[in-house]
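In what follows, a structure is listed as structure tokens, so that the remarks can point back to it.
Chain letters run A, B, ... following the sequence lines, proteins first and then strands; every chain starts at 1.
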Amino acid sequence: MSNHVPHIIEVAIPLHLDRTFHYRVPREMEGQALAGRRAFVPFGRRRLTGYILGNVTEPPPHELKEIFEVLDPEPLWTDSELEFFRWVAYYYLHPLGEVLKTALPAGINIQDRKGSGQDDPTVSGGKAIKTEIVYRAVAPCEPAPHLGAKAADILGVIREAGDIPAAELRRRFGTCSPQLKRLAELGLVTGETREVYRNPFGDDAVKRDTPRVLSPHQQAALDALCAALDRHAFAPFLLHGVTGSGKTEVYLQAIDQALGQDNNALVLVPEISLTPQLVQRFRARFGHGIAILHSGLSDGERYDEWRRIRRGQARIVIGARSAIFAPLARIGIIIVDEEHEASFKQADGLRYNARDLALVRGRMERAVVLLGSATPLVTSRYAAEHGKLALLTLPERVEHRPMPTVELAPMKGVATAISPLLVPALEATLAAGEQAIIFLNRRGFATYLVCAECGAPLACPNCSVSLTYHRQRGQSVCHYCDYAIPAPGICPACGCQELKELGAGTERLEHDLRELVPQARILRMDSDTTGGKGSHGRLLARMSDGSADILVGTQMIAKGHDFPGVTLVGVVNAEASLGMPDFRAAERTFQLLSQVIGRAGRGDAPGRVVVQTLNSDHYAIQNAVRHDSDAFYRQELEFRREVGYPPFSFLACLGFSGTTERPVEEHAETIARLLTQLKREKGLRVEILGPAPAPLYRLRGRFRRQILLKSPTRNDLRRLIAAWQQNRPAVSTIREYVDIDPVDMM
DNA sequence: AGCACGCCGACT
DNA sequence: GTCGGCGTGCTC
């Protein structure tokens with residue numbers, strides 16, 4: 001017997017450990033324990049699912065454990081996908097195992113076995129893959145002996161259909177398993193089990209549409225994209241098109257070109273469950289072969305879509321940020337719609353930005369990357385000016401529809417939530433049989449309740465915020481941790497029974513509007529009224545079919561919907577987002593206002609917008625009102641230059657939290673000193689700001705501090721953080737996180 | 001992240 | 001004398 005060389009594999013573990021681990025492979029699993037599959041492994045005293053990265057030729061100098069089982073028959077990722085995942089792990093300073101776990105669909109882990117409770121690793125979940133039985137006729141069409149009438153009918157149907165699922169036969173014939181059993185025994189039909197994909201579309205058919213004639217600007221943009229597609233090299237573009245300028249049509253025709261080259265297309269949208277109209281347009285143009293990935297899918301549905309993509313059965317993938325990890329091969333074009341949207345940034349765990357990763361994956365895949373927006377990021381426009389992105393512009397609305405007229409309604413000294421300027425405008429709109437949207441990015445009835453006696457606001461005991469009063473629910477609610485108490489409540493400070501309501505939310509607006517315009521049919525849409533699955537669509541449908549006159553809502557009504565009947569838009573408290581703890585507060589305010597303003601007059605009637613604000617002089621509001629994104633860009637860029645924020649620097653935010661305040665504070669101070677020391681030793685150009693209490697200095701019962709790092713180069717920033725992580729003192733009572741390129745620092 | 005081990009206070 | 005608090009250290 002020759003010396004048997006033990007088979008050793010490298011495994012990434014989905015834990016906050018930046019190392020990988022090695023295992024021996026039992027002989028009987030040698031053929032299966034290959035790169036790209038998951039393995040069930042012993043880990044400490046636990047058993048968990050790891051990801052096999054590959055073989056190891058040099059055996060490590062310590063004892064190795066054996067894996068229990070290989071969980072997948074086929075690889076879950078390709079070499080080029082792994083290269084992308086490694087890049088993500090490196091850039092965001094996050095363990096590869098965690099990146100893989102984030103990148104793979106949650107449904108795949110239904111058969112995970114974790115913890116020490118389950119000792120039998122051979123028990124398979126079997127829940128993730130759905131199957132059906134399909135019947136098929138096998139014998140030639142000759143007269144069959146001794147069949148009952150029902151069996152004969154069933155046979156006829158099967159022969160006619162070729163193959164047919166059992167569920168379909170059951171729908172047409174009722175109970176039919178005795179007949180099917182007999183037909184199978186006679187050798188006339190066979191039943192086989194086949195995997196089915198749950199269909200998140202439902203079965204509704206879609207009207208086909210055809211490419212539309214492009215405006216000269218659209219055509220020029222498309223020509224540039226097609227030329228880049230022909231080159232089959234990485235080519236990043238910024239498509240800056242005003243609201244209603246027909247960006248989607250450009251996307252569709254560029255995708256068509258990519259498909260014609262036998263390549264596939266990846267489309268990222270901010271939150272697809274909020275943009276059914278966009279998905280419908282894709283389906284109408286391309287029919288089947290579209291996979292959808294978004295947060296509204298169940299784990300099983302998500303896994304099914306993922307498998308369809310992996311097997312090459314979808315040529316277009318449309319999805320929210322996690323779709324950047326879709327297992328799509330031969331990507332010809334990646335489109336990021338509404339590229340300025342903050343929701344492309346994941347706010348916890350692996351804090352990746354799908355908009356940025358689109359450029360990274362596009363470079364690796366030699367694809368065209370198209371970032372589209374009516375209000376591009378300041379950093380994107382800057383990149384375009386400096387030749388990093390090729391700029392395409394659509395400066396006009398389609399069919400030469402004019403931009404809406406916008407008036408400012410200053411609210412200084414105005415006591416009501418709705419400006420007296422807005423009421424006659426609403427009445428005129430209703431009288432003309434048209435519709436209105438009232439936008440306020442704040443839900444609830446009153447922002448907070450204040451004690452009439454001692455002036456203390458009603459605050460959350462777990463978070464450093466005031467409670468929002470919800471009148472319909474009869475509760476005061478914390479919007480950060482869902483703490484709720486019955487309202488109105490008494491003052492916790494002095495016991496006084498009288499609490500004053502301050503600051504209006506959408507619920508209050510709806511209430512006031514019912515009094516101000518009693519003839520109107522009013523609809524409110526915010527996360528309080530769109531709880532159930534499908535309620536979102538039902539509310540929108542009532543607006544589309546004209547059975548509502550006024551839609552009141554938060555930012556969820558600002559995006560992605562075309563309401564041709566809407567001619568009036570009211571914006572309440574336009575300056576609200578200026579006060580956010582975010583260096584992009586002005587940019588976000590400008591973007592949000594521009595989006596809302598763009599909702600008016602997308603049909604034939606011209607639009608009118610009334611913007612209520614206490615801060616009508618601010619450049620974000622002024623320029624949004626004037627539809628002047630160039631002026632906004634110049635002023636905002638000047639501001640960023642003065643304070644040294646992106647694009648003039650790169651940022652990272654280090655966060656620390658714990659249940660008692662003092663240790664968190666001390667820990668953050670220690671880390672800041674350590675960082676300062678490391679920075680000197682290595683001569684890195686990084687500015688270390690803080691530690692400071694986080695804007696939400698208490699959240700869900702945890703005290704929070706943060707350190708902001710600023711640097712002229714990405715590399716110095718990540719070298720400093722990596723150096724810290726290498727000599728990181730282990731303190732398990734305090735949680736730490738690293739946020740590279742933070743977009744908000746709450 | 002778990003889940004150990006380990007070394008100090010209040011209990012039968 | 002032990003039960004158990006949570007500090008800190010390891011997991012192929």
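Closest to the A:Arg46 side chain, of the nucleotides C:dC6, B:dA4, B:dG2, is B:dG2. Side chain of A:Arg45, nearest nucleotide from B:dA1, C:dT11, B:dC3: B:dC3. The side chain of A:Thr733 sits closest to C:dC6 out of C:dC6, B:dA1, C:dC12.
A cation-pi arrangement is absent between A:Arg302 and A:Trp306, since the terminal nitrogen or guanidinium carbon is not both under 6.0 Å from the aromatic centre and inside a 45° cone about the axis. Figure legend: A:Lys101 and A:Tyr51 shown without cation-pi pairing, the cationic atom not lying both under 6.0 angstrom from the six-membered ring centre and within 45 degrees of its axis.
Rounding to whole angstrom units, CG of residue A:Leu48 and P of B:dC3 are separated by 10 Å. Between A:Arg47 atom CZ and C:dT11 atom C1' there is a gap of 15 Å when expressed in whole angstrom units. Distance A:Arg735 CZ to C:dC6 P: 15 Å, rounded to the nearest Å. Between A:His16 atom NE2 and C:dG9 atom C1' there is a gap of 17 Å when expressed in whole angstrom units. Note: CG (A:Leu15) to P (C:dC10) measures 16 Å, nearest angstrom. At whole-Å resolution of the value, CG in A:Leu53 and P in C:dC12 are 16 Å apart. Rounded to an integer number of Å, the gap from CZ of A:Phe43 to P of B:dC3 is 12 Å. In this structure, A:Lys65 places its NZ atom 15 Å from P of C:dC10, rounding to the nearest Å.
Contact between A:Ala668 and A:Ile707 at its shortest, heavy atoms only, is O-CD1, 3.6 Å.
Each of A:Asp741, A:Asp739, A:Asp356 was checked for a salt bridge (Lys or Arg N to Asp or Glu O under 4.0 Å) with A:Lys345, and the lone residue meeting it is A:Asp739. Put simply, the residue from A:Ile688, A:Leu708, A:Leu675 that forms a side-chain contact (heavy atoms from CB on, under 4.5 Å) with A:Leu654 is A:Leu675.
Residue contacts for A:Glu10: at a heavy-atom cut-off of 4.0 Å it reaches no nucleic acid atom on any strand shown. A:Ile13 comes within contact range of no nucleotide atom at all, as no heavy-atom separation falls under 4.0 Å.
For A:His22, no side-chain nitrogen or oxygen approaches OP1 or OP2 of C:dC12 to under 4.0 Å.
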